[in-house]
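Presented below is the structure to which this report refers.
In what follows, chains carry the letters A, B, and so on, assigned in the order in which the sequence lines appear, proteins first and then strands, with residues in each chain numbered from 1. No experiment lies behind these values; they were computed from the predicted model shown.
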Number of protein chains: 2
Amino acid sequence: MQTKTLDEILSTLTQNDQGVPLYRRVEERLKSAASLEQFQNGALFPDELTLANRLGVSRGTARAALSRLVQQGLLERKAGVGTRVARPKPRSGISAWRSFSREMAEKGIPVETYSSECRAHPATAVVAQALQLEPRTPVLRLDRVRGWGGVPVLFSSSWLHPRLQLTGAEDYSKPLYDVIESASGIVAEKAREDFTAVAASAVLAKRLGVKPGSPILLRCHAVCEANGRPIEYAEVNYVSSRFTLTLDLRRESLGA
Amino acid sequence: MQTKTLDEILSTLTQNDQGVPLYRRVEERLKSAASLEQFQNGALFPDELTLANRLGVSRGTARAALSRLVQQGLLERKAGVGTRVARPKPRSGISAWRSFSREMAEKGIPVETYSSECRAHPATAVVAQALQLEPRTPVLRLDRVRGWGGVPVLFSSSWLHPRLQLTGAEDYSKPLYDVIESASGIVAEKAREDFTAVAASAVLAKRLGVKPGSPILLRCHAVCEANGRPIEYAEVNYVSSRFTLTLDLRRESLGA
DNA sequence: TCAAGCTAAATGTTTAGACATTTAAATATG
DNA sequence: CATATTTAAATGTCTAAACATTTAGCTTGA
């Protein structure tokens, strides 16, 4: 990309490129101009009227092009002051911002299970509510302590709906939803997540190797099928100092 | 929300609301009109000239308002045909999030704001990273203590990207994303949420009226446009004993 | 000296009108 | 009947002009 001067870039537009709207052609010129060294320090861009005259278009057209570039984040305008090139984005490194858990998953660092126990317990009120069962119905409960690198990170209790017909003898070293799907053909689709912070109880502290009272991220997790029938209810206790839970979300659609 | 007729919505604008640009007032009217039942089936919206005449503005102004709504994804235009209300795109995505006040409003809980301060601070390393700015760039920061029934529930700090061109004088009693959208036309679309639990610091404890060391749910929240450009980075501290954060998630769809 | 007020320069808003382009449907034509 | 062609109606582009608002810097007066 040979560097042109501002004058060259802003020379009057040719008659070519017909079919492409004027403001688009102006936009391209201005984009080139914005990349000029002289505007990288926050120096003012030429004003709208000057640009319009130099390019041989009306102020409206120049302004339309400028507005598009502002919208695109390349320029910044301030009433009464002028237009500047927005600070260049530092680095393409979009990814430097990663959660521990995601990092683990992507790097394939194996999650270790330090204890695992699976047997039936009568449903508590909360569990019964979540799984839409009568309280005290026997439900298979999977308790696990997991982590990586020899350090426990979480303690989880999962209650699995009797409808799934699990025996407790399945291979729970595989991802839970794979186990459920291959055992029963039921597909997890929706989940409701509740997040709270709690102080570690004595029992929990001992299991996770932290001091009682340490901050614990408690995630209560109700999973169901697409049709809304409940599959699993889980309570996961994360040692906060060792783990950050990251979610990528999209906004709920606006209309209706 | 009482349903007005199209005629009522498109009655000539009053002289009130001075200081708010015409095209913005028109935008609001058109947004109301677009929610009307009669346009939900793909029926054509009134044409630009009709809208302009009915509202008593020029075509240019009506068109500016329409363009903003197109930009926001609410309307679709087609040359030679007309304007229609866009069908909400099938957000195949993982999930949904709503603003805090919107969430609470849906539950009928009026959110109260106990303190609110908005002024520019130099970006910290974390903030600069999240907003893709240079560290120490001045960024508008909105600090709030909110809750309900006279009890504080959360302390939040929101850093708003300079690109939004907010002044700090906006009406932050409205949902934040409405403020951003109406001020700049920029639509929040995606978010990345990090959850951890922390113990309340002395300063935080005082602000929220809890004992130091109490469990706090810390939610770090990076919001961006559909194209990935950052809008807001926020750190929200919830008093865990008074609040549970709930998210509804869907499994990422396979097709498309 | 310092603050209030003025001023010039920039962006922001609004209008009116002309013409171009695209589209769907009506109309002519083979 | 099927295919061009025309046409009307909508959005798309562009201009010129006027006035409003915001801001930084200058000027002035206490």
Residue pair A:N53, A:T50: steps toward the side-chain hydrogen bond (donor to acceptor under 3.5 Å, both in side chains) verdict: CA-CA 5 Å; A:N53 292 336; A:T50 302; 6.0 Å; no
Toward the 5' end of DNA chain D, by each residue's nearest nucleotide, B:E48 or A:A62: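 On the 5' side of the pair lies B:E48.
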Given DNA chain D, 5'-ward residue of the pair A:V57 and B:T50, judged by closest heavy atom: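 With A:V57 and B:T50 compared, the 5'-side residue is B:T50.
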Provide, to the nearest angstrom, the distance between the [atom1] atom belonging to [X] and the [atom2] atom belonging to [N].
X: A:L69; N: C:dT11; atom1: CG; atom2: P; value: 14 Å
X: B:L55; N: C:dT13; atom1: CG; atom2: C1'; value: 17 Å
X: B:L66; N: D:dA10; atom1: CG; atom2: P; value: 13 Å
X: A:N53; N: D:dA17; atom1: CG; atom2: P; value: 12 Å
X: B:L49; N: D:dG12; atom1: CG; atom2: P; value: 14 Å
X: A:L75; N: C:dA10; atom1: CG; atom2: P; value: 16 Å
X: B:E76; N: C:dT23; atom1: CD; atom2: P; value: 14 Å
X: A:R84; N: C:dT11; atom1: CZ; atom2: C1'; value: 13 Å

Worked check of side-chain hydrogen bond (donor to acceptor under 3.5 Å, both in side chains) between B:Y233 and B:Q129: CA-CA 10 Å; B:Y233 172 72; B:Q129 170 83 27; over 6 Å; no
Any side-chain N or O of [X] less than 4.0 Å from the OP1 or OP2 oxygen of [N]?
X: B:T61; N: C:dT15; result: yes
X: B:T83; N: D:dT11; result: yes
X: A:Y23; N: D:dC14; result: no
X: B:R63; N: D:dT11; result: no

CZ-OH distance between B:R144 and B:Y172, expressed to the nearest 0.5 angstrom: 8.5 Å
Sidechain N-carboxylate O distance under 4.0 Å for B:E225, B:R163: yes
A:E76 with A:R84: basic N within carboxylate O range, under 4.0 Å: no
Parallel, tilted or perpendicular: rings of B:H221 and B:Y177 (30°, 60°):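 The arrangement is tilted - the two ring planes meet at 30° to 60°.
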What pairs of nitrogen or oxygen atoms, one from the protein and one from nucleotides 19-24 of chain D, lie under 3.5 Å apart?
none

Partner set under side chain to side chain contact (heavy atoms under 4.5 Å, CB included) for B:S157, not counting sequence neighbours: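 Side chain to side chain contact (heavy atoms under 4.5 Å, CB included) list for B:S157, sorted by chain: B:R141, B:D143, B:F155, B:W159.
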Nucleotide nearest B:P21 when distance is taken to its side chain, options D:dC14, C:dT13, C:dA16: C:dT13
